[in-house]
Amino acid sequence: MTLSLNEKFLKNYVTEEDIKDISGEIYKAQTTLTEKSGAGNAFLGWLDLPENYDKEEFARIKKAAEKIRKSCDVFVVIGIGGSYLGARAAIEFIRTPYYNNLKKKETPDIYFAGNSISSSALANILRICEGRDICVNVVSKSGTTTEPAVAFRVFRDLLEKKYGKDGARERIFATTDKAKGTLKSFSNDMGYETFVVPDDVGGRFSVLTAVGLLPIAVAGVDIDAMMEGARDSMLACEKKDVNDNNALRYAAIRNILYRKSKTTEMLVAYEPCAQMFCEWWKQLYGESEGKDGKGIFPSSAIFSTDLHSLGQYIQDGPRHMFETVLDIKESKDTVIIPHDPDNIDKLNFLSGKELHYVNQTAMLGTLFAHSDGKVPNLVIELKNRSSYSFGYMAYFFEYACAVSGYTLKVNPFNQPGVESYKKNMFALLGKEGYENLRKELLDRMQ
């Protein structure tokens, strides 16, 4: 199997009786999802996307990616949240987190901008672009979100000065609303090639749309295989039995643990390539479930690295967390530990062993330790880091998230709390229409 659950380290925390008791709620949540009868049902376009995606646009994505690969040294993706996390997660997971440092590759370096308001972060990317050919993909449903809109202003100005407006037109690609919004209107006026952020797919569920697929394809990833993996995952998730559907079972387990006061879930991987995937997962679950005073706090770590900073807390701290461990069974690379005749580091017991085996053994030792420390551990076993496996895993987590959210009795597809900081920021910066709020905030600062 591409993805399976290992529950050996949950035995003392989740029983089959627990699963049986919650299964009715899980099936009800699944029915709510598949019948599209629940809150947020206008944002379920991702549900059958792996089968019913726009084939014409998909072909254009591959054609545009080929054009970008041939015409630039640096590809800058401008977006925030779901507009960049999925793409970056896929590129680093499937290729390598050192993708931009690869000397022998036939694809451009890829940098992500517009995901912060840091002068230094943007300035550093601009320096990297000096003397190199550049293409830009701006990803924004509206075109008015502050972080990407500011970055796009800067890069549009750079490209127009470097290539002229006509030249820049051939190097700017916009992923935005199909028919309306500031960015769509502007792109039409300027003649940019555009791709669609579907109306019925929220940002955190959009990795398998043009939002994620264009940058992923530019990196040379096989997006046909990715969609095939997602489709097979979709078919597996349609099963109605919690004992034969890993997504339903994962949703059940995390809700059982939440009801037993395990309020923090840490997604753990033993490969650095999964770090940005963890960031994508944190947005997916945090933004979907954290509302109405409810929700499991999503955290993450890369072991064994973070064992040397967080290990003590996990082992002996308050017992409010559980770990979901992503176990990638196959390694892309082989490193054999050499023999040292002098055995200076006293590690000759590792001589001749493959480093991936040592990493897997470290994972097993940690699972035993944390389980003994009364931290529940669920292991999600993934076959490999292929494009197919990534598509399969991404859809699995999306489906489980939706079922888990409905089980929690929240709307998994809205994010009302996200707007609060934006309103305050606009008011403090003096945006028109926010005068009263600005006065209130300034008074509070006194």
I'd like a table of donor-acceptor pairs (distance under 3.5 Å, sequence neighbours excluded) in which one partner is a side-chain atom from residues 392-403, with atom names and distances.
{"residue": "Tyr395", "atom": "OH", "partner": "Leu47", "partner atom": "O", "Å": "2.5"}
{"residue": "Tyr399", "atom": "OH", "partner": "Gln30", "partner atom": "NE2", "Å": "3.2"}
{"residue": "Tyr399", "atom": "OH", "partner": "Cys237", "partner atom": "O", "Å": "3.2"}

Would you verify whether the NZ or CZ of [X] falls within 45 degrees of the ring axis of [Y] while also being under 6.0 Å from that six-membered ring's centre?
| X | Y | answer |
| --- | --- | --- |
| Arg254 | Tyr250 | yes |
| Lys55 | Tyr53 | yes |
| Arg156 | Phe152 | yes |

Under the side chain to side chain donor-acceptor pair (under 3.5 Å) rule, what do Ser142 and Thr144 come out as? Steps first, then yes or no, please. CA-CA 5 Å; Ser142 65; Thr144 59; 3.1 Å; yes

Does [Y] offer a backbone N or O that forms a donor-acceptor pair with the side chain of [X] under 3.5 Å?
| X | Y | result |
| --- | --- | --- |
| Ser233 | Gly229 | no |
| Arg88 | Trp280 | no |
| Arg171 | Arg169 | no |
| Asn41 | Gly38 | yes |
| Arg231 | Pro50 | no |
| Ser309 | Asp306 | yes |
| Glu57 | Val196 | yes |
| Asn377 | Val325 | no |

Do Ile172 and Phe155 have side chains that get closer than 4.5 Å, going by heavy atoms?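 SC-SC contact between Ile172 and Phe155 ruled out.
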
Do Glu435 and Lys439 sit within salt-bridge range, that is, some charged N less than 4.0 Å from a carboxylate O? no

Charged N to carboxylate O under 4.0 angstrom, Arg60 versus Glu56? yes

Can you give each donor-acceptor pair under 3.5 Å made by side-chain atoms of residues 423-432, sequence neighbours left out, with the distance rounded to 0.1 Å?
none

Show every donor-acceptor pair shorter than 3.5 Å between a side-chain atom in residues 205-219 and any protein atom, with sequence neighbours excluded, or say none if there are none.
{"residue": "Ser206", "atom": "OG", "partner": "Gly82", "partner atom": "O", "Å": "3.4"}
{"residue": "Ser206", "atom": "OG", "partner": "Gly203", "partner atom": "O", "Å": "2.6"}
{"residue": "Thr209", "atom": "OG1", "partner": "Ser206", "partner atom": "O", "Å": "2.7"}
{"residue": "Thr209", "atom": "OG1", "partner": "Val211", "partner atom": "N", "Å": "3.2"}

Just do the side chain to side chain donor-acceptor pair (under 3.5 Å) check on Asp133 and Ser71 with the steps written out, would you? CA-CA 7 Å; Asp133 281 320; Ser71 61; over 6 Å; no

